[in-house]
Amino acid sequence: MYYIGIDLGTSAVKLLLLGDEGICGVTSKVYEVRYGEEGRAEQDPKDWYEKTVEGIKELTENIDKTKVAAIGFGGQMHGLVALDEKDNVIMPAILWNDTRSFKESDYLNNVVGKKRLTELTGNISFPGFTASKIMWLKNNEPEKFNRISKIMLPKDYMVYRFTGKHCTDVSDASGMLLFDVEKRKWSEEMLKITGVNEDWLPKVYESYECVGYINEETEKILGLKNVKVAAGAGDNAAAAIGTGTVNDGDCNISLGTSGTIFAVTSKYKADYENAIHNFCNATGEYHYMACMLCGASCNKWWLEDIIGTDDYDKEYEDCDGISDVFFLPYLMGERSPLNDTKIRGMFYGMSMSTTRKDMSAAVLEGVAFALRQNLDIIKSMGVKINKSKICGGGTKNRYWLNIIANVLNIELEVPENQEGASYGGALLALRCCDEEKYNKEISKLKIKEVIKPQIEKVNKYNEKYCKFLKFYPLIKQIY
């Protein structure tokens, strides 16, 4: 049998075909992101559907289509897709990285209050979260707000197009700030605070549950029949499944465009002090997630835009020491744990003896220090983390992996499979069909390499990290 995993990303949809003998094929299709004033980032949901259909056709072109058993989605979180009473899209989707609703987010944090938000949802507000987007629409485009009949997240809109069902899963719903994470249901009080009608919201499923079958229209387009559709998960929750980060205390670091730390916990415990997300997990438990806005994108910016090279390997081939320069990786503001849209990046500590390699190394160290700041907070919540898987484009840089292992003082495991959320989506599709087969597939996941910390560098990086923590409170006064 075959299972299709779909990762509805920000810049492209990535698709994976999983068969009885493992991964049979992967493909991706690019679509446009439209950026505008006031931090706007939008997409046309029609593009998601068209490109996903195109990708599925490509994946299934040379297989027996009658053996496709299920589809599972992972996808970009927090986006707002608003539908009218006829299920037509009212406007372009407002994406996770759209910051136009910063005033509404500030209102929720400062007037409703972070403590109350955390009591109700397990989280505080961010401009990227769905709740503040809905409030922005109400305050700024009431005509569109008044036409709302259904509110959906990006991957849930795709599930609707494939099945005709209005549904979501617990992991994605957790990132809306409308969901009681502890009780795994919509928060009635948050709906009143934000002006959301509960009838607008989709039915909530666990990520691995079957929500239905693909509808006749999609069957005809794809040439498929009797294919189940799993509820799916938010992109990081799906990627965690794909790396085997499924048990209490398991951790996964994603070193992609952004930087995330994802830690599984069996017990619910809200974080009242810091901007760490507390979400339901795709396994039926919970997870803490810290999301930095700039991860490997800091390195790309420095090498390609500033010093003008695309030879990443050569830039770091002789690097081994610890830089005297500090770098703050806040090029787009910061989400976790600062929740500060105005803060910006900075180099500090240059002298006449500072070299290009000193500054290149500082960029990598700065991202590693920010990761540690988040990891320390997650550890303070009672999660014991002695090692972590690490994936994403940044893992190609072995020097960077050594820095991160030493800064965090934990072993890093590089998975053999780096397909992430698309593979996780396929595994969720498999689980909704066959639990035993799913467990066997998870148990087969392999580690390609283990990076161990070096005690002498751990101590030196620890000294530098303690100084790194002092910068933000000081420069915040300037901004």
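Between K460 and E456 there is no salt bridge, since none of the side-chain N atoms of the basic residue sits less than 4.0 Å from a carboxylate O of the acidic one. The residues E189 and R116 are annotated as salt-bridged, a charged nitrogen and a carboxylate oxygen being separated by less than 4.0 angstrom. K155 and D169 are joined by a salt bridge, as a carboxylate oxygen and a charged side-chain nitrogen come within less than 4.0 angstrom of each other. Using a cut-off of 4.0 Å between Lys/Arg side-chain N and Asp/Glu carboxylate O, R372 and D376 are scored as salt-bridged. Ion pairing of D313 with R398 is absent here, as no side-chain N (NZ or NE/NH1/NH2) approaches a carboxylate O to less than 4.0 Å. The existence of a salt bridge linking D98 and K133 is excluded, since no basic side-chain nitrogen approaches an acidic carboxylate oxygen closer than 4.0 Å. Ion pairing of R356 with E315 is present here, as a side-chain N (NZ or NE/NH1/NH2) and a carboxylate O approach within less than 4.0 Å.
When only modelled atom types and interatomic distance are considered, Q43 and W48 share a side-chain donor-acceptor pair under 3.5 Å. Judged purely by distance below 3.5 Å, without hydrogens or angles, the side chains of S132 and S105 never pair a donor atom with an acceptor atom. When only modelled atom types and interatomic distance are considered, S125 and N109 share no side-chain donor-acceptor pair under 3.5 Å.
Separation of atoms OH (Y312) and CG (N397) is listed at 10.0 Å; rounding is to 0.5 Å. The CG atom of N236 sits 8.0 Å away from atom CG of N252, with the distance rounded to the nearest 0.5 Å. Between the NE2 atom of H287 and the NE2 atom of H277 there is a distance of 9.0 Å, given to the nearest 0.5 Å. Atom CG of N88 is separated from atom OG of S149 by 10.5 Å, given to the nearest 0.5 angstrom. For the atom pair OG (S187) and CD1 (I193), the distance works out to 7.0 Å, reported to the nearest 0.5 Å. Remark: Q454 CD to N406 CG distance equals 5.0 Å, nearest 0.5 Å.
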Passes side chain to side chain contact (heavy atoms under 4.5 Å, CB included), K29 versus T52? Steps please. CA-CA 7 Å; K29 303 295 176 184; T52 300; over 6 Å; no
(Q) Under the criterion side chain to side chain contact (heavy atoms under 4.5 Å, CB included), I'd like the reasoning laid out for F347 against W302: C-alpha separation, chi angles, the key distance, then a yes or no. (A) CA-CA 11 Å; F347 282 103; W302 171 246; 3.9 Å; yes
Before giving the answer on side chain to side chain contact (heavy atoms under 4.5 Å, CB included), spell out for V81 and I151 the whole-Å C-alpha distance, their side-chain angles and the decisive distance to 0.1 Å. CA-CA 6 Å; V81 182; I151 289 169; over 6 Å; no
Assess the residue pair R40 and I94 against the criterion (side chain to side chain contact (heavy atoms under 4.5 Å, CB included)); give the C-alpha distance rounded to whole Å, side-chain angles, the decisive distance to 0.1 Å, and a yes or no. CA-CA 8 Å; R40 298 188 181 205; I94 304 177; over 6 Å; no
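Using a 30° and 60° split on the angle between ring planes, F129 and F126 fall in the tilted class, from 30° to 60°.
Nearest approach of A263 to I378, heavy atoms of both residues: CB-CG2, 3.8 Å. What you find for L255 and A296 is that their closest heavy atoms are O-CB, 3.8 Å. Counting all heavy atoms, side chain and backbone alike, S266 lies closest to D248 at N-OD1, 3.1 Å. E206 and N281 get closest at one heavy-atom pair: OE1-O, 4.3 Å.
Between M292 and S258, every side-chain heavy-atom pair lies at or beyond the 4.5 Å cut-off. Taking 4.5 Å as the limit, every side-chain heavy atom of Y160 sits out of range of all side-chain heavy atoms of K150. Considering only heavy atoms from C-beta on, D250 stays 4.5 Å or farther from F262 through its side chain. For the pair I261 and Y288, the minimum side-chain heavy-atom distance is 4.5 Å or more. Contact annotation: the side chain of T168 never approaches that of Y157 to less than 4.5 Å [non-hydrogen atoms, C-beta and beyond]. Put simply, the side chain of K46 does not reach to within 4.5 Å of the side chain of Y31, judged on heavy atoms. The shortest distance between side-chain heavy atoms of L469 and Q373 falls below 4.5 Å. A 4.5 Å side-chain heavy-atom check between R34 and E32 finds at least one atom pair inside the cut-off.
By the neighbour-count criterion of 12 heavy atoms within 6.0 Å, atom CG of D324 is sparsely surrounded, having that number or fewer from other residues, nucleotides or ligands. The number of heavy atoms from other shown groups lying within 6.0 Å of NZ (K387) does not exceed 12.
In terms of modelled atom types and a separation under 3.5 Å, the side chain of E334 and the main chain of L293 share a donor-acceptor contact. With hydrogens and angles disregarded, no donor-acceptor distance shorter than 3.5 Å links the side chain of E285 to the backbone of T265. Remark: the backbone N or O of T257 is paired with a side-chain donor or acceptor of S297 at under 3.5 angstrom. Proximity of a side-chain donor or acceptor of K51 to a complementary backbone N or O of K14 within less than 3.5 Å is not detected. Side chain of N123 to backbone of N278: a donor-acceptor contact under 3.5 angstrom is found. In this structure a side-chain-to-backbone donor-acceptor pair under 3.5 Å is present from N139 to M135. No donor-acceptor pair under 3.5 Å is formed between the side chain of N462 and the backbone N or O of N459. One N or O on the side chain of H78 and one on the backbone of G175 form a donor-acceptor pair closer than 3.5 Å. Side-chain atoms of T395 do not come within 3.5 Å of backbone N or O of C391 as any donor-acceptor pair. Judged purely by atom type and a 3.5 angstrom limit, T121 has no side-chain atom pairing as donor or acceptor with the backbone of T118.
The aromatic ring centres of F326 and F471 sit less than 6.0 Å apart.
For the pair R184 and F179, the NZ or CZ position fails the cation-pi test of under 6.0 Å to the six-membered ring centre and within 45 degrees of the ring normal.
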